[in-house]
Participant: 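One structure follows; several queries about it will come next.
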2 protein chains.
Amino acid sequence: METKGARLEEWSQRIAEHGGRVTRPRRVVMQVLLEAETPLSPQEICTRARRRYPSLGLVTVYRTLDVLETLAVVRRVHREDGCHAYLPATPGHHHLLLCRRCGRAMEFSGWDALDGLIAELEAATGYRVEEHLLQLIGLCPRCYAQLKEGERG
Amino acid sequence: METKGARLEEWSQRIAEHGGRVTRPRRVVMQVLLEAETPLSPQEICTRARRRYPSLGLVTVYRTLDVLETLAVVRRVHREDGCHAYLPATPGHHHLLLCRRCGRAMEFSGWDALDGLIAELEAATGYRVEEHLLQLIGLCPRCYAQLKEGERG
DNA sequence: GCTGGAACTGAAAATCTTTTTCACTAAGGC
DNA sequence: GCCTTAGTGAAAAAGATTTTCAGTTCCAGC
């Protein structure tokens, strides 16, 4: 697996190519995102990042996330409570698999079969489908195992 | 197709069964939802409802939507701008088909094939999938026809 | 048909997320 | 090292949503 350091490097390069500057606040935000186990809200990112760089402003977090989202290196997910959370994106078009217990997220792809379903639906309804949002919610292997154990105990 | 009047009646009954009261403000909000062509935000609902009942408060709209969502007669959809929109729900588990041009929404179901895909994914990842959110975005037949025409003209 | 109490209402204030403004700072090409 | 300009943080503003509260209305029980 690609190391966190390599990805930080890669992201920084993307920012530079895009005419942006790789500043200390931005680097800290990127590190927090890369180390996260779950999608994080701007507020959560700010809190964690301040442990390393206390003067960081929440506004800078928002602006950095904007940049990273534009570069398609992070993805934004909708949370039930109305606010947004961000996670590092893996390249290509991906769907999201979320654990309802620990919040862990995982992107997956390769669901070509979905395209067949969409074609069927287009034929049936007359709609033209251009993009889609698919999020699956459930339990990750670890949480599933823990819940099983709880039942036995 | 079931008439708007019948659905209003049905919703009112659900509220009463649930120990709630069917008041004038609630009835107006329900009417606006049933007449809508697209999902509406609380703000939009309030504006439309005030044409019929000017003293309606936005807070009451929020509270009524809460009740209706709890009763599962309306569904909440996430909008890109961060706020929420609501539309009458059709019974059962449905997915959403949205027109990016006019906003028209349509629920659909019967995608049993999706279950097969989910089973495959569970086997591959170890996750247990409990629920899913699927939204397809594209063009409704009307908007598609209009855009085609625009290209020709 | 009254009446009392609980459910409901609207306005205002509070809360929370996100955006804008602005004076100051610091990347990084030269 | 210097200069330009992108980037920064604080404060204020803008929205969406929730809470509070005093007053209103529904309706079950008489």
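A note on names: the letters A, B, ... follow the listed sequences, proteins ahead of strands, and every chain is numbered from 1.
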Participant: Return the value, rounded to whole Å, for the distance between atom CZ of Arg76(A) and atom P of dT17(C).
Facilitator: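 Distance, rounded to whole Å: 15 Å.
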Participant: With respect to the phosphate group of dA16(D), does any side-chain polar atom (N or O) of His84(B) fall under 4.0 Å of OP1 or OP2?
Facilitator: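 His84(B) to dA16(D) OP1/OP2: no side-chain N or O under 4.0 Å.
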Participant: Whole angstrom is fine here: how far is it from CD1 in Ile45(B) over to P in dA16(D)?
Facilitator: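 So the two atoms are 13 Å apart, to the nearest Å.
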Participant: Side-chain N or O of Thr23(B) versus OP1/OP2 of dT9(C): is the shortest distance under 4.0 Å?
Facilitator: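 Answer yes for this pair, as a side-chain N or O of Thr23(B) is under 4.0 Å from OP1 or OP2.
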Participant: Nearest whole Å is fine: how far is dA14(D) C1' from Gln43(B) CD?
Facilitator: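 Answer to the nearest Å: 13 Å.
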Participant: Apply salt bridge (charged side-chain N to carboxylate O under 4.0 Å, His left out) to Glu44(A) and Arg79(A), showing your working.
Facilitator: CA-CA 14 Å; Glu44(A) 290 161 343; Arg79(A) 292 207 309 203; 3.7 Å; yes
Participant: Quick one: Leu58(B) CG to dG10(C) P, roughly how many Å, whole number?
Facilitator: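 Value for this atom pair: 10 Å.
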Participant: Give the rounded distance in Å between these two atoms: CG of Asp81(A) and C1' of dC16(C).
Facilitator: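 Distance check: Asp81(A) CG to dC16(C) C1' gives 10 Å.
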Participant: Once hydrogens and angles are ignored, does a donor-acceptor distance under 3.5 Å link the base of dG29(C) to the side chain of Arg21(A)?
Facilitator: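 Result: no qualifying N/O pair found.
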Participant: Just to be sure I understand the rule, does Ser41(B) reach a base, reach only the sugar-phosphate, or reach nothing, if contact means heavy atoms closer than 4.0 Å?
Facilitator: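 Nothing: the residue Ser41(B), judged by heavy atoms under 4.0 Å, touches no strand.
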Participant: What is the distance, to the nearest angstrom, from the OH atom on Tyr62(A) to the C1' atom on dA14(D)?
Facilitator: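 One finds 13 Å between C1' of dA14(D) and OH of Tyr62(A), rounded.
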Participant: Please find the pair of heavy atoms, one from Gly103(A) and one from Leu98(A), that lie closest to each other, and give the distance.
Facilitator: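 Looks like O-CD2, 4.5 Å.
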Participant: Quiz question: going by heavy-atom distance under 3.5 Å, is there a donor-acceptor pair between the base of dG7(D) and the side chain of Arg24(A)?
Facilitator: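 A donor-acceptor contact between them is absent.
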Participant: Scan Arg26(A) against the nucleic acid and name what it touches under 4.0 Å (heavy atoms): base, sugar-phosphate only, or nothing.
Facilitator: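 Sugar-phosphate contact only - Arg26(A) comes under 4.0 Å of backbone atoms but never of a base.
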Participant: Take the protein atom CD of Glu44(B) and the nucleotide atom C1' of dT17(D), then report the distance between them rounded to whole Å.
Facilitator: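 Rounded to the whole Å, the gap is 15 Å.
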Participant: Is there a donor-acceptor pair closer than 3.5 Å between any side-chain N or O of Arg50(B) and the backbone N or O of Leu56(B)?
Facilitator: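 Yes, because the side chain of Arg50(B) sits within donor-acceptor range (under 3.5 Å) of the backbone of Leu56(B).
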